[in-house]
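The next block holds one structure in the form of structure tokens; read it before the comments.
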Amino acid sequence: MKSYKDLPSDAGSNIIGQVAAQSTRVQKRLASVKHTVAIMSGKGGVGKSSLTANLATALTLKGNTVGVVDADINGPTLAKMMGVRNATLEYSQTGVKPATTALGTKLISMDLLLAEDDAPVIWNAHTQKDAFTWRSTMEVSALREFIADTEWGELDYLLLDLPPGTDRLPNLAELVPDLGGVVVVTIPSEVSQLIVKKSVTMAKDILKIPIIGVVENMAFYICQHCGEEEPLFSAEESLNGAFQQAILGSIPFDPRLARASDNGTLYLDEYPDVPASKALIGVAEKIQAFFQGDTK
Ligand SMILES: Nc1ncnc2c1ncn2[C@@H]1O[C@H](COP(=O)(O)OP(=O)(O)OP(=O)(O)O)[C@@H](O)[C@H]1O
Ligand SMILES: [Mg+2]
């Protein structure tokens, strides 16, 4: 299949010009962002969005100005998790103002643009069968617009919550060429580790993007009655053995965290002293330490 770059004529659409103009806008917007961090995992459902929401809150609580891009265009969850689903976006000549959480973290998400609760994202095409061909291109375009057209202002950190799939990072790397680093999320199951290792290879060896480290989520469960730590999954290989990357932390499963996500309340603010919060704050500190000395 030919890409738009191979077409002899663009039928007057100036598609290459449009993409170039948008890319320039992305670069201009990112000039006021100190550090961009992608939260990724080839695997679905391991807690990427929950960690993004909580790490953004942790970095905000530490006095940073933080923005979040919900890069999951088809399955956006962050507006709900961060309690800003009812926000009304304000548009101006220079872009759209992001939603802001109770603590001041900024967020842009496709969810904020959909009028109805149960409305899916449908890419316009002649038929939905044709839409399949365009979906990936449209997703990248939507993401490019999110970054370029949002009035982020000066940010210390811009976190990008990626959807599952090993192929997501190359798309992002093309949009954000000087991505500061990647946080890789896994759970202690061999199935997860198998897929997540592929994402690490993609980031490190193929795209040459710095890996900040690996976070193990839902690492264990703390019994509410006796306080014992119980494993939730069964991976035998240690994280160090499986990844040979910096381990940023192990976050226990905490039903209150899942509830906070569902209720749109800020878990770290509600439960600052519980083990999962302490582990999340530890991860945020390691992210900060990773960029220490980086004077952009
Ligand atoms: N440490 C945790 N303790 C309790 N619940 C958790 C924890 N981490 C994640 N969850 C819950 O697990 C579910 C999946 O998490 P989440 O949506 O963050 O995963 P994801 O990797 O972003 O999924 P997707 O691949 O679909 O984007 C959510 O209901 C979330 O609240
Ligand atoms: Mg998610």
Side-chain angles (χ1 to χ4, degrees), residues 37-58 68-85 105 107-112 114 120-121 139 142-143 146 159-169 171-172 182-189 191-196 198-200 214-224 229-233 235 239 247-284:
V37 178
I39 318 295
M40 71 144 194
S41 166
K43 191 83 182 69
V46 293
K48 296 175 291 299
S49 303
S50 310
L51 290 190
T52 305
N54 283 290
L55 291 175
T57 303
V68 179
V69 176
D70 187 345
D72 195 336
I73 306 292
N74 285 292
T77 51
L78 279 175
K80 180 160 178 64
M81 286 181 173
M82 299 177 81
V84 296
R85 252 200 123 212
T105 314
L107 170 75
I108 193 79
S109 168
M110 189 56 121
D111 200 21
L112 297 168
L114 297 172
V121 175
E139 275 184 41
L143 192 52
F146 272 3
L159 306 189
L160 299 116
D161 172 31
L162 292 189
T166 312
D167 59 333
R168 306 310 179 124
L169 195 62
N171 288 345
L172 183 67
V182 168
V183 171
V184 182
V185 185
T186 188
I187 56 172
S189 86
V191 170
S192 172
Q193 290 180 358
L194 178 73
I195 305 297
V196 176
K198 293 184 199 299
S199 319
V200 170
V214 177
V215 179
E216 184 182 45
N217 190 28
M218 306 196 234
F220 51 89
Y221 175 74
I222 301 169
C223 174
Q224 286 183 352
E229 289 181 9
E230 302 282 348
L232 271 172
F233 298 94
L239 265 193
I247 306 303
L248 303 179
S250 287
I251 319 293
F253 180 88
D254 183 349
R256 290 168 294 190
L257 191 152
R259 246 188 328 265
S261 293
D262 281 352
N263 294 340
T265 53
L266 301 174
Y267 172 76
L268 281 180
D269 200 29
E270 266 182 286
Y271 304 102
D273 297 319
V274 301
S277 291
K278 287 182 183 162
L280 285 160
I281 289 164
V283 174

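Ligands are counted one by one from 1 in listed order, and the atoms in each one are counted from 1 as well.
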Best match, S250, G165, S41, S49: closest heavy atom to atom 22 (O) of ligand 1: S49

Spell out, as yes or no, whether a donor-acceptor pair under 3.5 Å connects the side chain of K43 to the backbone of Q193. no

Hey, looking at atom 6 (C) of ligand 1, which of I251, D161, L257, I187 has the closest heavy atom? L257

Taking atom 28 (C) of ligand 1 as the reference point, the nearest protein heavy atom with its distance: S50 OG, 4.4 Å

Any idea which part of N217 is under 4.0 Å from ligand 1, heavy-atom wise: side chain, backbone, both or neither? side chain

Counting non-hydrogen protein atoms only, what is the nearest one to atom 3 (N) of ligand 1? Give residue, atom name and distance. D254 N, 3.0 Å

Check each of I251, L257, I281, L266 against N54 using the side-chain contact (heavy atoms from CB on, under 4.5 Å) test, and report the only one that passes. L257

Specify whether the nearest protein heavy atom to atom 13 (C) of ligand 1 is under 4.0 angstrom away. no

Are D254 and Y271 linked by a side-chain donor-acceptor pair shorter than 3.5 Å? no

Judged by non-hydrogen atoms, does G45 sit under 4.0 Å from ligand 1? yes

Using a 4.0 Å heavy-atom threshold (strictly under), name the region of P252 that reaches ligand 1: side chain, backbone, both or neither. backbone

With heavy atoms only and a cut-off of under 4.0 Å, state how S261 meets ligand 1: side chain, backbone, both or neither. side chain

In this structure, does ligand 1 have an atom that sits under 4.0 Å from one of the heavy atoms of M81? yes

Any N/O/S atom, side chain or main chain, of T52 closer to the Mg ion (ligand 2) than 2.8 Å? no

Check step by step if salt bridge (charged side-chain N to carboxylate O under 4.0 Å, His left out) holds for R85 and D111. CA-CA 7 Å; R85 252 200 123 212; D111 200 21; 2.7 Å; yes

Can you find an N/O atom of V46 closer than 3.5 Å to an N/O atom of ligand 1? yes

Check for me whether T77 has a heavy atom closer than 4.0 Å to any atom of ligand 1. no

For P164, atoms of ligand 1 separated by under 4.0 Å from a heavy atom: 25 (O), 27 (O)

Check if A53 has a non-hydrogen atom at a distance under 4.0 Å from any atom of ligand 1. no

